[in-house]
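Please read the structure below before turning to the comments.
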Amino acid sequence: MSSYNEDDAFEAAAAPRGGGLAARAMGAAMEARTAPYLDGLNPAQREAVETLDGPVLMLAGAGTGKTKALMSRVAHLVLSGRARTDEILAVTFTNKAAKEMRVRLEKEPFGIPTPMRWMGTFHSICVKLLRRHAELVGLKSNFTILDTDDQIRLLKQLIVAEGIDDKRWPARMLAGLIDQWKNRAWTPDALPASEAGAYNHMGGVLYAQYQERLKTLNACDFGDLLLHMVTIFQTHEDVLAQYQRWFRYILVDEYQDTNVAQYMWLRLLAAGHKNICCVGDDDQSIYGWRGAEVGNILRFEKDFEGAKIVRLEQNYRSTEHILAAASGVIAGNKGRLGKTLFTEAKGGEKVRLIGHWDGEEEARWIGDEIEAMRGGTRGMDPIGLNSMAILVRASHQMRSFEDRFLTIGLPYRVIGGPRFYERLEIRDAMAYFRLIVSPSDDLAFERIVNTPKRGLGDKAVQKIQMMARTNGVSLVDGARLLLETKGLGGKGAVELGKLLDGLDRWGAAARVGEMSHIEVAEMALEESGYTEMWQNDKTPEAPGRLDNLKELVKALEEFENLQGFLEHIALVMDNDSEDATEKVSIMTLHAAKGLEFPAVFLPGWEDGLFPSQRSMDESGLKGLEEERRLAYVGITRAEKLCTISFAGNRRVYGQWQNALPSRFIDELPEDHVEVLTPPGLYGHQGGMMGQASPVMQAAESDLHEAAAKANVYNSPGWRRLQERQGARGLSQPSESKNMVIDAQAVSAFTVGDRVFHQKFGYGSIEAAEGDKLDVAFDKAGTKKVVGKFLVAAEAAGDTPF
DNA sequence: ACAGGTTCGCTTTTT
DNA sequence: GCGAACCTGT
C-alpha cells in the first residue's frame, strides 16, 4: 500500500455516480455468466459469502478458510453489482494483512481490477479521514503522527515541568496509561475519576496537558487517529452521515482484536445500513493486554440486532490429533462462543511431548530434531527448513535457540525482532527528513540537534528552548534568534549555524524541485555529517547501520516526495524482506498468529513462563485464559507435526530457576499425545510411573529431577500434581512437609500463594507461621511480612494504581 | 561535554 | 546476565 494519493478517493466520492452504474451493470453480467469465486466453498463459507445485507458475524476457527471466504465476499459484492470497490470499507489490523488481501483480490479466481481504496488498517483509514476533517479537532490537515519515542519525550517534559520525580513515575508508564485510555475512547474530560487519579494523582491532569501540547504541535499519536475520528463522528452528524452513506458495506478482519475505540468507530459507521460483516475467532484473542476487548465479539449478537452468525468449523490445515489437542486445551476456557473444529484428514502423527533437563538441552534436542526432519525421519518425507517454526512465549527464549543454531550452523530467521524503522540510525535520518518537510517539528529537532555531536549539550538546548518559548516560535526559529542575539558562543554557535543553514538549504532544495527528493535526502545526510559520524564509528554495528541508511535512501525511490514517504513510514513500518534461502523461523506466539507451518515446536511450556506468571498476577483468571488462547494459537499453527516441550531448569535473569511443566500440558488429551522419553536424558528414569498416563509419566520424571534440585513444593503446579496423583492412587512424595496448609492459621494465605504488597510488589509465600509470613518477593527479595499488609496477587492485578 | 562506571529492571506488540 | 539509562569525575 504505497503511494496512491489519498485525495483520489475523495475526488471519486464527489464524482457523479454514472461510472458506478456502468460498473454495476457489468458486474451483474459477469455474475450471470459464471461465479468462479463461489466454487469450492463449503456450505458455511458459502453462507458467509452470500449473506450480504445486514450484520454478519463470521466465526472462523483456525485454518478454516477465513481469508478465502472474506475475499469471495468482496468479490461477490463487487461482481454482483452491490457496491463498487471504493464503497466497501475493509478494515484489517496489520498492513501485512491488507496488502495480502489486495494482492489476492487482483488475482484469479476473483480478478477484481480496481484497487480497494478503503481497504487498510484502522489507523491508515483514519489518517485519510482525519486529514480531511482535522480542523474539527483543532488540527491542521498536515498534522504529524508521533511514534512512541516522541510521545515519551513529550510526556517526560510535561512530567518534569510538573515537578514529578520521573524516576519513581517513569514517562513510559504514563504513556502506557494514556494509550489504554485512548484504546477505551476516553478523552481527558471523559476520563473516569478512578483512572484520573492514576500516576501519582496526576494522570488526568497530565493527559489533558499532553493533548493540549499535541494540538499546539499540530501532531497526534496513534491512539488519537481513532479517537479523533470517533469524536468527530459523535459531534458532527453531517460528517458521519456522509460516510455512512459512502461506505455501503463494511468488512472487519480479526474482530476479536478490536478495542473499544475501534468498536465505537465501527458501530457509528455501520449504524445506518448495518451492512457489517465481522470476521474473527474469540479463541484467538491474544491482545487483551493492549486493549483488545474479547467482549466485542462475544456481544456481537446483542450489538447488532438480527445478526447472522456463521461458523466456519471445517479445518483445512491440521491433522485430527493436532486439532484434538488444541480443542482439549481451549476447552478449559469459560465464556466462549463455542466452535468445534473438524477435519476430513484422518490419521497423522500425534502431538509429541518431551521434557528436558534444562533450556539448553531443549534447544539442543530441537536443533537435532530439525536436522533429522530435514533429512527425513520416522518414515516422513524430508521437510524444508522454511516449513518449520519454533514458537516461544517470550522473546528472551529465542536466545538459547539462536546460540545453539549458530554453533551447529543451522540457518534460522527471527521474525518480529527490532524492526527496520525503529532502528536508531533510521529514526535519526528520518528526523532530518521531518525537519526538511516541516521545520517546526520540534521533536525531530531535539532528536538531531546534537547528532552528530555539535557541542550542543543540555545547556545549549535549554537556551534554545527558552528562546523558542518566550517568543512563541518553533525550536528551529528559536535557535535562529539565539544566534542572532549572540545568546550562544563558541563551537556550539558555529555548528548550530551550520545546521540551520543546512536545514534551510535542504528544505529549499526539496521545495524548488530541481533535485529529486532522493538527492535532497542524500545531501542532508551527507552535509549534516550524519553519514560521516557512522563512518568514523569503529563499533561493530557501524557498517550495518551505514547499510541500513543506504537501504533507507533506496526505499525513497518508491515515493514521489519525502512527505509521502514519512507518512508511509509512520503507519506502515513493515519490514518483510524476502529471503530465498531456507531457514527455520523463530518467533513469539503472538507473531505467529495467522501463519501456518507443517512442523511446529512449542518449547518452554513451564508454569510461570507459559502461562506467564506476570499475566496471571496482573489479570488473574482473565490473564490465564488469554494465555490458554495463546496455547491454542500455538498448537493450531501446526499442519502435520506439533512438538511441545518443557525444561526442568532454566536460566532466568542469569539465575538458575527450576520450573514445573505447564498446567496446559495437563490439559492435553492423552489419546492424542505421544510422550517422547529420550534415552539418557535423566540419570534415572521411571520410579513411580506406575499406571499413570503417558503425559503424567513424562511430567513426573521431570518433576523428580526438579524436586531434587530445589524447593519447589510450594508451587501450585506441584499441589495440582499431588492432587492428581492422589486421585490416581499414586505414591505421595516424601518431601511434602513444606505443604503447610493450616486451615486454622490466622492468615488468609497459605504457602505457595501469590500475593501483592504495596511496597515490595508481587511475590509468593514461602512459609507461614500464624499471621507472620515469609514472602519471597519477585523483586525485593525475601521478607517477613504480616498478613494484613498483603493482598492476593489476583485481586491486586485488577486494581492498577 | 563526554567517557566510563553503576544501578535498575526486566512479557506479549501494532499502528 | 544484559542492556539501557543514569551519575560522576575529568
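Keep in mind that what you see is a predicted model, and the values were worked out from it rather than measured. We name chains A, B, ... by the order of the sequence lines, and we start the count at 1 in each one.
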For this session: Would you classify A:L456 as touching base, sugar-phosphate or nothing, given that sugar-phosphate means primed atoms plus P, OP1 and OP2, and contacts are heavy atoms under 4.0 Å?
Result: sugar-phosphate
Exercise. Could you state the CD-P distance from A:Q657 to C:dG1, rounded to the nearest angstrom?
Worked result: 12 Å
Exercise. Tell me: CD1 of A:I415 to C1' of B:dT14, nearest whole Å?
Worked result: 16 Å
Seminar exercise, completed: Atom CZ of A:R399 and atom C1' of C:dG3 are separated, to the nearest Å, by 11 Å
Problem set entry | Nucleotide nearest A:R614 (side chain, heavy atoms from C-beta), chosen from C:dC6, B:dC10, B:dC2 | B:dC10
Exercise. Could you state the CZ-C1' distance from A:R651 to C:dG1, rounded to the nearest angstrom?
Worked result: 8 Å
Exercise. Taking everything shown except A:E532 itself, do over 12 heavy atoms lie less than 6.0 Å from its CD?
Worked result: no
Exercise. With sugar-phosphate meaning primed atoms plus P, OP1 and OP2, does A:S615 contact a base, only sugar-phosphate, or nothing at under 4.0 Å between heavy atoms?
Worked result: base
Exercise. Does A:S124 make a side-chain N or O approach to OP1 or OP2 of B:dT15 shorter than 4.0 Å?
Worked result: no
Exercise. Would you say the side-chain atoms of A:N450 pair up with the backbone N or O of A:L456, donor to acceptor, closer than 3.5 Å?
Worked result: yes
For this session: Looking at every strand, decide which applies to A:Y653 at a 4.0 Å heavy-atom threshold: base, sugar-phosphate, or nothing.
Result: base
Seminar exercise, completed: When A:E627 and A:F93 are each assigned the nearest nucleotide of DNA chain B, the 5'-most assignment goes to A:E627
Problem set entry | Base orientation of B:dT11, syn vs anti, 90° cut from 0 | syn
For this session: Measure from the ring centre of A:W289 to the centre of the six-membered ring in the base of B:dT11, then say whether that distance is under 5.5 Å and the planes meet at under 30°.
Result: no
Problem set entry | A:K96 side-chain N/O to B:dT15 phosphate OP1/OP2 under 4.0 Å | no
Exercise. Checking all strands, does A:Q151 fall into the base, sugar-phosphate, or nothing category for heavy-atom contacts under 4.0 angstrom?
Worked result: nothing
Exercise. For A:Q563, does the CD atom have more than 12 heavy-atom neighbours from other residues, nucleotides or ligands under 6.0 Å away?
Worked result: no
Exercise. A:T588 side chain N/O closer than 4.0 Å to the phosphate oxygens (OP1, OP2) of B:dT13?
Worked result: yes
Exercise. With distance as the sole test, does A:D257 use its side chain to make a donor-acceptor pair with the main-chain N or O of A:A292 at under 3.5 Å?
Worked result: no
Exercise. Looking at A:H228 versus A:W265, is the centre-to-centre ring distance below 6.0 Å?
Worked result: no
Exercise. For A:N95 and B:dT15, is the shortest distance between a side-chain N/O and OP1 or OP2 below 4.0 Å?
Worked result: yes
Problem set entry | Nearest-Å distance for atom pair CZ/P, residues A:R172 and B:dC8 | 19 Å
For this session: Specify the separation, in whole Å, of atom CG of A:D617 and atom C1' of B:dT11.
Result: 12 Å
Exercise. With a 4.0 Å cut-off on heavy atoms, is A:N450 in touch with a base, just the backbone sugar-phosphate, or nothing at all?
Worked result: sugar-phosphate
Problem set entry | Pairwise 5' ranking along DNA chain B for A:A460 and A:E626, keeping only the more 5' one | A:A460
For this session: In whole angstrom, give the distance that lies between atom CE of A:M398 and atom P of B:dT11.
Result: 14 Å
Exercise. Looking only at side-chain N and O atoms, does A:Y287 come under 4.0 Å of OP1 or OP2 in B:dT11?
Worked result: no
For this session: Give the rounded distance in Å between these two atoms: CG of A:L630 and P of B:dT11.
Result: 15 Å
Exercise. Does A:Y412 have its ring centroid less than 6.0 Å away from the ring centroid of A:F401?
Worked result: no
